[in-house]
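Report on the following structure.
Position 1 is the first residue of the sequence; numbering continues from there.
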Amino acid sequence: FERDGTASKLAFKAPDPDWLARVELALLAVKAFDLETALRVAAGTVPAGTPIVSLANGAVEDLVRGFGKLHPKALLRIGFCTFGVSEIGK
């Protein structure tokens, strides 16, 4: 997402361009290769002290910890997600 409320690769426009200033929790659900960019944008956009949680289904702990060392004021959390699809009803 961008500071003006738009999100790259998505057709999204926030009705209030200052909505990011009121964010209480940032959940980042991106591919591992986009996580560093998402962390950088989130850390520079959301209010100080806002928890930033990465949700990934891969091993990103080292990346998040490394980013945290470079940005010690960012309140980072690591989440792990597993997605599965099952056929039902047959």
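Scanning both residues, A26 and V46, for their nearest heavy atoms gives CB-CG1, 4.2 Å.
Considering only residues two or more places apart in sequence or on other chains, R77 meets the side-chain hydrogen bond (donor to acceptor under 3.5 Å, both in side chains) condition with none of them. With sequence neighbours left out, the side chain to side chain contact (heavy atoms under 4.5 Å, CB included) criterion links L35 to L28, V30, L39, S54, V60, L63, V64. Checked against side chain to side chain contact (heavy atoms under 4.5 Å, CB included), R65 has the following partners two or more places apart in sequence or in another chain: E61.
Hydrophobic cluster membership is shared by L55 and L25, with clusters built from Ile, Leu, Val, Met, Phe, Trp and Tyr side chains linked at under 4.5 angstrom.
Atoms OG1 and CZ, on T50 and R22 in that order, are 12.5 Å from each other to the nearest 0.5 Å. Once rounded to the nearest 0.5 Å, the distance linking CG of D62 with CZ of F67 reads 15.0 Å. Between the CG atom in L70 and the CZ atom in R40 there is a gap of 10.5 Å [rounded to 0.5 Å].
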